[in-house]
A.B. asks: 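Mind looking over this structure? Questions follow.
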Amino acid sequence: MKASLVTLPGDGIGPEIVAQAKRVLEQVARKFHHEFSFEEHLMGGIAIDETGEPLPEATLAACRKSDAVLLGAVGGPKWDDPKAKTRPEKGLLAIRKGLGLFANLRPVRTYPDLIGASPLKEDRIRGVDLLVVRELTGGLYFGKQYREQTPEQGERAVDTLEYTEAEVHRVVKLACELARGRRKLVTSVDKANVLESSRLWRQVATRVHADYQELTLEHQLVDSCAMRLVTHPGSFDVIVTENMFGDILSDEAAVLTGSLGMLPSASLGQGRLGLYEPIHGSAPDIAGKGVANPLATILSAALLLRHSLGLEQEAVAVETAVDQALASGVRTRDLGGTADTQTMGDAVLKQL
Ligand code: IPM
Ligand code: MG
């Protein structure tokens with residue numbers, strides 16, 4: 001097949017890790033006889049430096065025309081001034097909204113070879129294989145935000161949390177579709193004992209589930225879900241939740257395996273177009289040194305093959321190559337080894 005892909009290397013270690021994922025995609029194209037074309041665009045701090053905007057119009061337009069987008073990372077101390085006019089992270093929110101990417105998928109699974117890296121005891125973590133589906137374009141992140149002066153209590157800051165039925169419906173439906181191909185358990189997470197938006201969420205989730213009789217749906221309050229994630233992480237299959245809860249729970253879930261450098265993510269919308277990026281950030285402390293772990297980005301490329309291009313066999317080939325590269329003993333520094341970024345990329349390519 002033919003596919004046009006946009007890469008957004010971004011800031012910090014972004015360019016180094018995206019380069020390795022691109023090599024992997026090129027190798028997939030050769031091996032499976034596809035034609036992938038690549039276009040690189042500006043996003044994040046580097047885009048602010050060059051254009052004044054974290055997500056230039058040209059970048060968004062190119063992404064809209066593409067089949068899928070692979071992002072490295074954005075942000076860094078250079079753009080952290082709280083008084084700055086704009087921030088790299090604003091570009092992230094804008095691209096999610098701009099491309100209609102309402103669901104963020106973060107699969108978390110343990111790698112037997114890396115099990116010692118987990119902060120949890122081995123018996124808790126063994127066999128963990130869960131998927132967080134976070135709502136990505138609603139809730140507190142996109143509600144009304146403002147500040148005003150009060151007569152007697154200083155400034156007042158306001159953020160609002162709103163959800164419509166339609167917004168909840170589409171993300172829970174996607175979670176149910178994904179659970180079908182997995183262990184068939186959906187945990188819908190909310191704060192229905194306090195929030196009205198959560199009570200709507202719970203009602204809609206129950207209604208969506210009526211069309212998926214083969215699945216089990218459970219509801220859990222977000223605080224107790226946070227606890228269960230560390231006490232019984234193996235008891236989850238698919239977790240679906242609103243934007244802010246998902247932001248927090250997905251970071252919690254991400255450290256379970258102890259290897260942040262391994263975790264990919266996919267942001268999806270109504271069509272096939274998706275945005276794929278590693279979960280870790282731009283790691284300014286090691287940027288430019290060529291030592292970052294490229295595996296999360298390579299695994300994000302696998303998700304791109306699966307969800308945007310429908311190339312399941314190719315996605316599995318990449319995931320298997322990553323497993324084998326690890327099994328061969330090659331490790332970057334974050335995994336306790338000495339391999340540099342390029343060597344880790346080479347090890348994956350060798351297995352493909
Ligand atoms: C994430 C990040 C972003 C978010 C930040 C950088 C805006 O934490 O992708 O989870 O909160 O969504
Ligand atoms: Mg986050």
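Values in this document were obtained by computation on a predicted structure and should not be read as measured data. Remember, it's 1-based here, ligands and their atoms both numbered in the order they're listed.
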A.B. asks: Under a 4.0 Å threshold between the charged nitrogen and the carboxylate oxygen, would Asp340 count as salt-bridged to Arg333?
C.D. replies: no
A.B. asks: Rounded at 0.5 Å granularity, tell me how far CG in Asp113 sits from CE in Met262.
C.D. replies: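 If we round to the nearest 0.5 Å, Asp113:CG and Met262:CE are 9.5 Å apart.
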A.B. asks: With a 4.0 Å cut-off, would you call Arg202 and Glu242 a salt bridge?
C.D. replies: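 Judged by the 4.0 Å cut-off on N to carboxylate O distance, Arg202 and Glu242 do not form a salt bridge.
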A.B. asks: Hey, are Arg87 and Asp81 close enough for a salt bridge, meaning a charged N less than 4.0 Å from a carboxylate O?
C.D. replies: no
A.B. asks: Pairs of donor and acceptor atoms involving the side chains of residues 92-108, under 3.5 Å and at least two apart or interchain, shall be tabulated with distances.
C.D. replies:
from	atom 1	to	atom 2	distance (Å)
Lys97	NZ	Thr137	O	2.8
Asn104	OD1	Arg106	NE	3.2
Asn104	ND2	Ala266	O	3.4
Asn104	ND2	Ser267	OG	3.1
Arg106	NH1	Ser250	OG	3.0
Arg106	NH1	Asp251	OD1	3.4

A.B. asks: Without placing hydrogens or testing angles, list every side-chain donor-acceptor pair under 3.5 Å for residues 296-305, not counting sequence neighbours.
C.D. replies:
from	atom 1	to	atom 2	distance (Å)
Ser300	OG	Glu277	O	3.1
Ser300	OG	Ala296	O	2.7

A.B. asks: Identify the two heavy atoms, one from Lys191 and one from Asp223, that lie closest to each other, and give their separation to 0.1 Å.
C.D. replies: NZ-OD2, 3.2 Å
A.B. asks: If you count only heavy atoms, which residues are under 4.0 Å from ligand 1?
C.D. replies: Glu89, Leu92, Arg96, Arg106, Arg134, Tyr141, Asp247
A.B. asks: Do Arg180 and Glu214 meet the salt-bridge criterion of a basic N to acidic O distance under 4.0 Å?
C.D. replies: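 Counted as a salt bridge, because a side-chain N and a carboxylate O are separated by less than 4.0 Å.
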A.B. asks: So, His41 versus Glu39: side-chain donor-acceptor pair below 3.5 Å or not?
C.D. replies: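 Looking only at side-chain atoms, Glu39 and His41 do form a donor-acceptor pair, the distance falling under 3.5 Å.
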A.B. asks: For the Mg ion (ligand 2), which protein N/O/S atoms fall under 2.8 Å? Skip waters.
C.D. replies: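 Asp247 OD1, with waters left out.
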